[in-house]
Q: 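Here it is, the structure, as structure tokens.
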Amino acid sequence: MGAVNNAGEALWEITALRFARLTRHHRDALLLCPEPLAGRPLDMDYSLWLVRRGDETVVVDTGYSPELAARRGRTFLDDPMDLLRRVGVDPAAVTDVVLTHLHYDHAGNLDQFPAARVHLNELEFGPATGWHAREPSVSFAYEADHIAAVVRAREEGRLQPVRDNTRLRDGIELVHLPGHTPGHMAVRVRTGRGWVLLTGDAVHVHANLRERRPYPLYTSLEETFRDYDTVTALTESADHVIPGHDASVIERFPAPAPGLAGRAARLDLPPES
Ligand SMILES: [Zn+2]
């Protein structure tokens with residue numbers, strides 16, 4: 001049995017695990033970004049998220065491998081599977097994995113979770129494998145091995161198609177935000193400090209939402225702006241919005257243990273700065 005609030009509703013812990021990073025510029029992440037903001041450096045993190053309560057564990061996104069990081073020029077910090085073990089989670093025993101979407105930086109390592117149900121929006125699979133995915137600007141974002149692992153999970157009866165907005169558990173909701181990819185989902189989690197929204201790539205960095213300038217990779221600009229409105233409506237403050245790649249997250253929220261500073265952060269606790 002895990003923590004509950006006064007109403008008897010489940011409260012969850014959230015731990016962000018940062019495994020890689022990349023320094024770019026604001027112009028790379030904010031559509032038609034004006035100077036001088038455009039030329040300012042922008043640190044982008046690659047992370048996965050652990051949501052747990054008692055012995056219940058949900059992993060949100062699954063990261064990627066060191067080999068992939070080297071091939072794509074990302075600075076790899078730690079194997080995300082090792083980070084999970086360092087916070088007490090055996091990937092092989094995880095029962096539920098949520099993939100926010102199928103882009104390469106969110107959907108690797110699936111073979112490390114052989115026992116998990118894989119929750120994926122039903123609109124996400126087709127576009128990743130359809131004819132238009134042969135376009136380099138689309139195929140860039142996918143890895144064939146990751147898609148094949150999703151197919152294997154389906155053959156093993158472990159793929160759980162998600163439709164629309166769905167309640168995964170008491171206090172965990174999957175929110176369909178289709179601007180970035182057709183089946184993209186955010187994960188809304190009830191914590192001791194209120195509802196926290198893991199936006200995935202509906203918001204890459206806080207500046208996307210603050211400046212109202214989308215990351216320049218999307219299926220629909222109109223849906224992307226609608227997603228921004230939904231994110232704002234579902235969150236009581238900017239501190240309750242956890243963008244998919246914002247490097248400030250790991251710096252602002254407390255580490256679960258001193259040895260994990262810079263690698264892990266507790267998002268269910270208030271920020272320290
Ligand atoms: Zn991403």
Side-chain angles (χ1 to χ4, degrees), residues 14 16-31 42-51 59-66 68-80 83 97-110 118-121 123-125 127-128 133 136-147 149-150 174-187 197-209 213-221 223-224 227-228 231 241-250 265 267:
I14 311 173
L17 300 169
R18 172 173 77 161
F19 64 90
R21 65 181 318 181
L22 178 68
T23 300
R24 307 186 76 188
H25 291 90
H26 280 74
R27 70 167 58 86
D28 301 312
L30 275 67
L31 185 65
L42 179 69
D43 290 328
M44 295 187 68
D45 281 354
Y46 296 92
S47 307
L48 61 163
W49 298 269
L50 169 65
V51 180
V59 171
V60 177
D61 289 343
T62 48
Y64 53 77
S65 67
L68 187 153
R71 178 157 47 84
R72 289 181 178 256
R74 276 47 175 157
T75 303
F76 204 69
L77 303 171
D78 274 301
D79 189 313
L83 289 175
V97 164
V98 174
L99 296 179
T100 59
H101 61 306
L102 284 178
H103 281 171
Y104 78 90
D105 50 328
H106 298 260
N109 297 315
L110 210 53
V118 179
H119 304 268
L120 180 71
N121 186 283
L123 298 178
E124 190 63 9
F125 196 65
S137 62
V138 177
S139 65
F140 162 82
Y142 296 103
E143 289 282 331
D145 288 349
H146 297 177
I147 308 285
V150 174
L174 307 180
V175 184
H176 185 209
L177 298 176
H180 182 60
T181 63
H184 186 284
M185 302 189 295
V187 182
L197 189 67
L198 304 173
T199 69
D201 286 356
V203 181
H204 281 67
V205 293
H206 280 295
N208 294 125
L209 195 58
R213 290 186 181 274
Y215 191 86
L217 187 61
Y218 46 80
T219 50
S220 161
L221 265 184
E223 293 283 8
T224 299
D227 291 351
Y228 288 175
V231 167
V241 178
I242 306 297
H245 293 280
D246 197 303
S248 72
V249 171
I250 206 81
L267 308 181

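For ligands, and for the atoms within them, numbers begin at 1 and follow the listed sequence. Side chains included, hydrogens not; waters and symmetry mates left out as well; all remaining heavy atoms used.
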Q: Taking the Zn ion (ligand 1) as the vertex, measure the angle between atom OD2 in D105 and atom OD2 in D201; round to 10°.
A: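 OD2 of D105 and OD2 of D201 make an angle of 160° at the Zn ion (ligand 1), to the nearest 10°.
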Q: Does the shortest distance from the Zn ion (ligand 1) to an N/O/S atom of H106 fall below 2.8 Å?
A: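 Yes.
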Q: Could you walk me through whether D201 and H101 pass the side chain to side chain donor-acceptor pair (under 3.5 Å) check?
A: CA-CA 8 Å; D201 286 356; H101 61 306; 3.3 Å; yes
Q: Is the distance from the Zn ion (ligand 1) to some N, O or S atom of H101 under 2.8 Å?
A: no
Q: Just say parallel, tilted or perpendicular for the rings of H180 and H204, cut-offs at 30° and 60°.
A: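 Ring orientation, 0 to 90° scale: perpendicular.
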Q: Looking only at heavy atoms, what is the nearest atom pair of A247 and R21, with distance?
A: CB-NH2, 4.5 Å
Q: When you measure from the centre of the six-membered ring of Y46, is the NZ or CZ of R74 under 6.0 Å away and within 45° of the axis?
A: no
